[in-house]
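Positions are given from 1, in the same order as the sequence printed here.
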Amino acid sequence: MAGAMPLAAPAALAAAATGWSPYEALRVGRAATQVEIKAAYRAMAKRLHPDASRASGEAAAFLEIRRAYETLSDPDARARYDRWLGPPHHRPGPGVAGVRVRRWETDQCW
């Protein structure tokens, strides 16, 4: 189809349905910058690369972090993955996002 946008990370989305997360694979948070993602990938790749390690399970781990880096280093694929995940789940603190928290002691008229 001409003009259709290809799906950049179908493997990441399919794997995410099984519980796999590129953020967890690289041990970074969803707010990580491109520099932090690249640094995490390089540090893990040094340890897990098949040429650097002879352990049997490390080749599969290297492929996992490589797939995670491919997803998170591409801004379009990362945005698509983040949209698929939805908003980050967190409990906002007092006064966050325009929510005013009333304190009983300070709101009383004495």
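Remark: Glu58 engages Ser53 in a side chain to side chain donor-acceptor pair (under 3.5 Å) (not counting sequence neighbours). In this view, Glu70 and Arg66 satisfy the salt bridge (Lys or Arg N to Asp or Glu O under 4.0 Å) rule, not counting sequence neighbours.
With hydrogens and angles disregarded, a donor-acceptor distance shorter than 3.5 Å links the side chain of Gln34 to the backbone of Leu72.
The shortest distance between side-chain heavy atoms of Tyr81 and Asp74 does not fall below 4.5 Å.
Closest of all the heavy-atom pairs between Tyr23 and Arg30 is CE2-CA, 3.6 Å.
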Just list the side-chain donor-acceptor pairs under 3.5 Å for residues 35-49, sequence neighbours left out, or say none.
{"residue": "Glu36", "atom": "OE1", "partner": "Thr33", "partner atom": "N", "Å": "2.8"}
{"residue": "His49", "atom": "ND1", "partner": "Asp51", "partner atom": "N", "Å": "3.0"}

